[in-house]
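Heavy-atom basis, side chains included; hydrogens, waters and symmetry copies ignored. The first residue of the sequence shown is numbered 1, and numbering continues consecutively from there.
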Amino acid sequence: AAAVCFGTLAQRTPESRETIHRALDAATDALIVYDVNLRKDCYEADWVERSMKHADVVKLNRDEVGVLARLLDVPNADPFGFAEAMRERFDVETLCVTRADAGCLLIRPDDVVDVPGVAVKVADAVGAGDAFTAGLVSALLWGWSQAAAAKFANRVGGLVASRDGAMPDLRDQFAALVKQHDQSGTM
């Protein structure tokens, strides 16, 4: 696989947790993306730490930054201090913080991309975070710039949030966004 994306919720049973980590151990040439996706009472510090050790990219929302800062004893709970701590402790290359209508941050050692949100009328937020992650991973694999990848991910997440259901049929809209990038080289 070119990329492996995994989360915390699926690790709530020992069998699935061990299976995920065996798969991650085998994915030596893949981009490993940890979509933190915390749910109440469905995570533990050691699961998160073990997951962070595998990750090239960690995607989480602004609320999860604070939760994980407390869980992992990180004194600085702002996204930049948190990103630096994750880089030092776990060698995480990229931290992506989603901020709903405020957009997202991509924080890397040598670059920070702050992309404003896309105004949409939210019909159903279920699936928007996963769509964002899929857009981000796709754009990174296509070799797009960090800024273009973040903008694309924002637009993909916004499109999904603007429709009912977690998986609306948006193939044509996604293809149009890709074509827009391919024609201009930016988003």
Atom pairs and distances, donor-acceptor, side-chain atoms in residues 160-168, under 3.5 Å, two or more places apart:
| unit_1 | atom_1 | unit_2 | atom_2 | d |
| --- | --- | --- | --- | --- |
| S162 | OG | L159 | O | 2.7 |

Distance-only side-chain donor-acceptor flag, D35 / T133, under 3.5 Å: yes

Hphob cluster co-occupancy, L170 + V156, side-chain heavy atoms under 4.5 angstrom: yes

Heavy-atom side-chain proximity of V58 to T94 below 4.5 angstrom: no

Within-4.5 Å side-chain heavy-atom neighbours: I107 and F82: no

Heavy-atom pair of closest approach, residues R171 and D169: NH2-OD2, 2.8 Å

Side-chain donor-acceptor pair present, S16, Q11, cut-off under 3.5 Å: no

Side-chain donor/acceptor of N154 to backbone N/O of F132, under 3.5 Å: no

Gap separating the CZ atom of R50 from the CZ atom of R17, nearest 0.5 angstrom: 7.5 Å

Spatial distance of atom NZ (K151) from atom CG (L106) [nearest 0.5 Å]: 12.0 Å

Spacing of T8 atom OG1 and I20 atom CD1 [to the nearest 0.5 Å]: 9.0 Å

Nearest-0.5 Å distance, CD1 of residue I32 to CE of residue M52: 14.5 Å

Under the side-chain hydrogen bond (donor to acceptor under 3.5 Å, both in side chains) test, residues paired with T19 that sit two or more places apart: R22

Whether R12 side chain and L9 backbone form a donor-acceptor pair below 3.5 Å: yes

Pair E49 + R89, salt bridge at N-O below 4.0 Å: yes

Minimum heavy-atom distance C96-L136, with the two atoms named: SG-CD2, 4.0 Å

Mutual orientation of the aromatic rings belonging to H54 and F6 [parallel < 30°, tilted 30-60°, perpendicular > 60°]: perpendicular

Check: E88 side chain, A85 main-chain N or O, donor-acceptor pair, under 3.5 Å: no

Side-chain polar contacts of residues 39-47 - donor-acceptor pairs under 3.5 angstrom, sequence neighbours left out - could you list them?
| unit_1 | atom_1 | unit_2 | atom_2 | d |
| --- | --- | --- | --- | --- |
| R39 | NH1 | N37 | OD1 | 2.9 |
| R39 | NH2 | N37 | OD1 | 2.9 |

Approximate separation, where rounding is to 0.5 Å, of R155 CZ and L177 CG: 4.5 Å

F152 side chain near H181 side chain, heavy-atom distance below 4.5 Å: no

Nearest heavy atoms of A150 and V113, plus distance in Å: CB-CG1, 4.2 Å

Side chain to side chain contact (heavy atoms under 4.5 Å, CB included) assessment of V122 paired with D124: CA-CA 6 Å; V122 176; D124 186 350; 5.9 Å; no

R62 with D78: basic N within carboxylate O range, under 4.0 Å: no

Nearest atoms (heavy-atom pairs only) where A153 meets G135: CB-C, 4.2 Å

